[in-house]
Amino acid sequence: MAKLYFRYGAMNSGKSTALIQVAHNYEERGQRVLIVKPAVDTKSPAVLSRIGVDRVVDVIAAPDAPLRRLVLDEPRADCVLVDEAQFLSPAQVDDLFRLAVEDGVPVIAYGLRTDHRTRGFPGSIRLMELAHSIEELKTICRCGRKAVLNARSVGGAFTREGDQIAIEGEVDYESMCGRCYVRTLGWP
């Protein structure tokens with residue numbers, strides 16, 4: 001039986017790199033992958049990893065796009081890989097679940113669990129509710145502890161302000177442990 005997997009982690013935990021590696025593994029065995037990315041992520045029409053390896057995206061999904069239909073309209077995939085899954089709508093996550101359980105296509109979604117305010121993204125919340133398997137990809141904080149939160153800085157100053165989604169401009173993110181997050185930003 002195919003399953004829906006959610007692999008989450010703080011910024012810089014290697015989510016995109018892992019997705020690219022999984023795609024390579026499938027293709028090395030002669031299988032076809034379909035890579036999906038939400039249109040909300042406007043950085044690039046590709047999966048970008050911080051180590052310099054990139055991968056073309058097959059389907060860029062608008063926020064209200066019926067994701068299951070988009071995938072089924074493509075040539076048959078042996079696996080669907082989703083980058084930046086936190087930006088999916090709950091309905092799109094439902095579509096991914098149905099792809100796995102009704103259509104027999106394994107789906108591996110990679111994304112953040114929470115935003116810079118420690119609040120869950122709607123897509124991530126729904127993935128936590130539906131995924132057959134949930135795996136944390138780990139990274140470290142500046143202090144060496146395990147990072148679990150994402151801190152946003154704008155123009156070099158940390159902030160909890162602003163919209164949940166801010167990708168371009170002077171915005172930057174740093175993964176932090178809970179202790180460093182609270183010391184840097186206070187608690188909401």
Side-chain angles (χ1 to χ4, degrees), residues 3-26 33 35-38 40-44 46-55 57 79-88 93 96 106-188:
K3 295 180 180 178
L4 171 60
Y5 301 85
F6 182 37
R7 296 181 178 163
Y8 73 90
M11 299 292 294
N12 300 314
S13 61
K15 298 177 297 296
S16 296
T17 304
L19 180 151
I20 293 167
Q21 181 65 50
V22 167
H24 173 79
N25 291 346
Y26 269 88
V33 298
I35 298 179
V36 176
K37 181 174 166 179
V40 172
D41 181 3
T42 56
K43 288 184 305 231
S44 169
V47 175
L48 304 175
S49 73
R50 297 185 194 288
I51 64 170
V53 180
D54 301 338
R55 175 67 191 244
V57 171
C79 183
V80 173
L81 304 173
V82 182
D83 192 36
E84 305 291 357
Q86 72 272 7
F87 298 141
L88 296 175
V93 174
L96 296 178
V107 178
I108 308 172
Y110 296 84
L112 300 172
R113 183 177 55 163
T114 60
D115 65 15
H116 67 289
R117 298 170 298 189
T118 73
R119 304 288 183 239
F121 287 94
S124 299
I125 292 168
R126 192 66 178 142
L127 281 160
M128 291 285 195
E129 294 167 342
L130 288 180
H132 296 94
S133 174
I134 300 169
E135 178 185 349
E136 180 183 20
L137 302 178
K138 296 166 184 67
T139 190
I140 59 170
C141 178
R142 59 172 91 157
C143 71
R145 290 184 186 92
K146 182 178 105 166
V148 294
L149 300 170
N150 304 297
R152 177 187 286 173
S153 63
V154 177
F158 285 105
T159 182
R160 282 193 315 266
E161 301 301 317
D163 294 334
Q164 185 172 48
I165 300 171
I167 296 171
E168 298 186 45
E170 291 187 31
V171 66
D172 199 15
Y173 294 91
E174 180 180 338
S175 51
M176 292 183 177
C177 69
R179 183 177 184 182
C180 287
Y181 183 92
V182 170
R183 284 183 174 175
T184 304
L185 289 148
W187 191 247

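The analysis underlying the following values was restricted to heavy atoms, covering all of them including side chains, and did not include hydrogens, waters or symmetry mates. These figures come from a predicted structure and were not determined experimentally.
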Exercise. How about Glu136 and Val148: do any of their side-chain heavy atoms sit closer than 4.5 Å?
Worked result: yes
Problem set entry | Sub-4.5 Å side-chain heavy-atom contact between Leu96 and Leu88 | yes
For this session: Spell out, as yes or no, whether a donor-acceptor pair under 3.5 Å connects the side chain of Ser124 to the backbone of Gly120.
Result: no
Exercise. Should Thr114 and Leu149 count as side-chain neighbours, where that means a heavy-atom distance under 4.5 Å?
Worked result: yes
Problem set entry | Separation between CD of Gln86 and NZ of Lys15, rounded to the nearest 0.5 Å | 7.5 Å
Exercise. Could you give the distance from CG (Asn12) to CG (Leu137), rounded to the nearest 0.5 Å?
Worked result: 12.5 Å
Exercise. Which heavy atom of Met128 sits nearest a heavy atom of Ile134, and at what distance?
Worked result: O-CD1, 3.6 Å
For this session: Could you tell me the separation between the CG atom of Leu81 and the NZ atom of Lys37, rounded to the nearest 0.5 Å?
Result: 14.0 Å
For this session: Hey, could you give me the CD/OG distance between Glu84 and Ser16, rounded to the nearest 0.5 Å?
Result: 5.5 Å
Problem set entry | Heavy-atom closest contact (Pro38 atom, Asp83 atom, distance) | CD-O, 3.1 Å
For this session: Please name the pair of heavy atoms, one in Asn150 and one in Leu112, separated by the smallest distance, quoted to 0.1 Å.
Result: ND2-CD2, 3.8 Å
Problem set entry | Ser13 side chain near Tyr8 side chain, heavy-atom distance below 4.5 Å | no
For this session: Name all residues meeting the side-chain hydrogen bond (donor to acceptor under 3.5 Å, both in side chains) criterion together with Tyr110; count only those two or more places apart in sequence or in a different chain, and write none if there are none.
Result: Arg7
For this session: Please list, chain by chain and in numerical order, all residues satisfying salt bridge (Lys or Arg N to Asp or Glu O under 4.0 Å) with Arg142, sequence neighbours excluded.
Result: Glu174
Exercise. Roughly how far apart are Ile20 CD1 and His24 NE2, rounded to 0.5 Å?
Worked result: 11.5 Å
Exercise. Is there side-chain contact between Arg50 and Met11, with heavy atoms separated by less than 4.5 Å?
Worked result: yes
For this session: Considering non-hydrogen atoms only, spot the tightest contact between Ala85 and Ala109 and give its length.
Result: CB-CB, 3.7 Å
Exercise. What heavy-atom pair brings Tyr181 and Arg117 nearest, and what distance separates the two atoms?
Worked result: OH-CA, 3.8 Å
Exercise. Can you name the closest pair of heavy atoms from Ala10 and Thr139 and give their distance?
Worked result: CB-CG2, 4.2 Å
Exercise. CZ of Arg55 to CD1 of Ile35: how many Å apart, nearest 0.5 Å?
Worked result: 4.0 Å
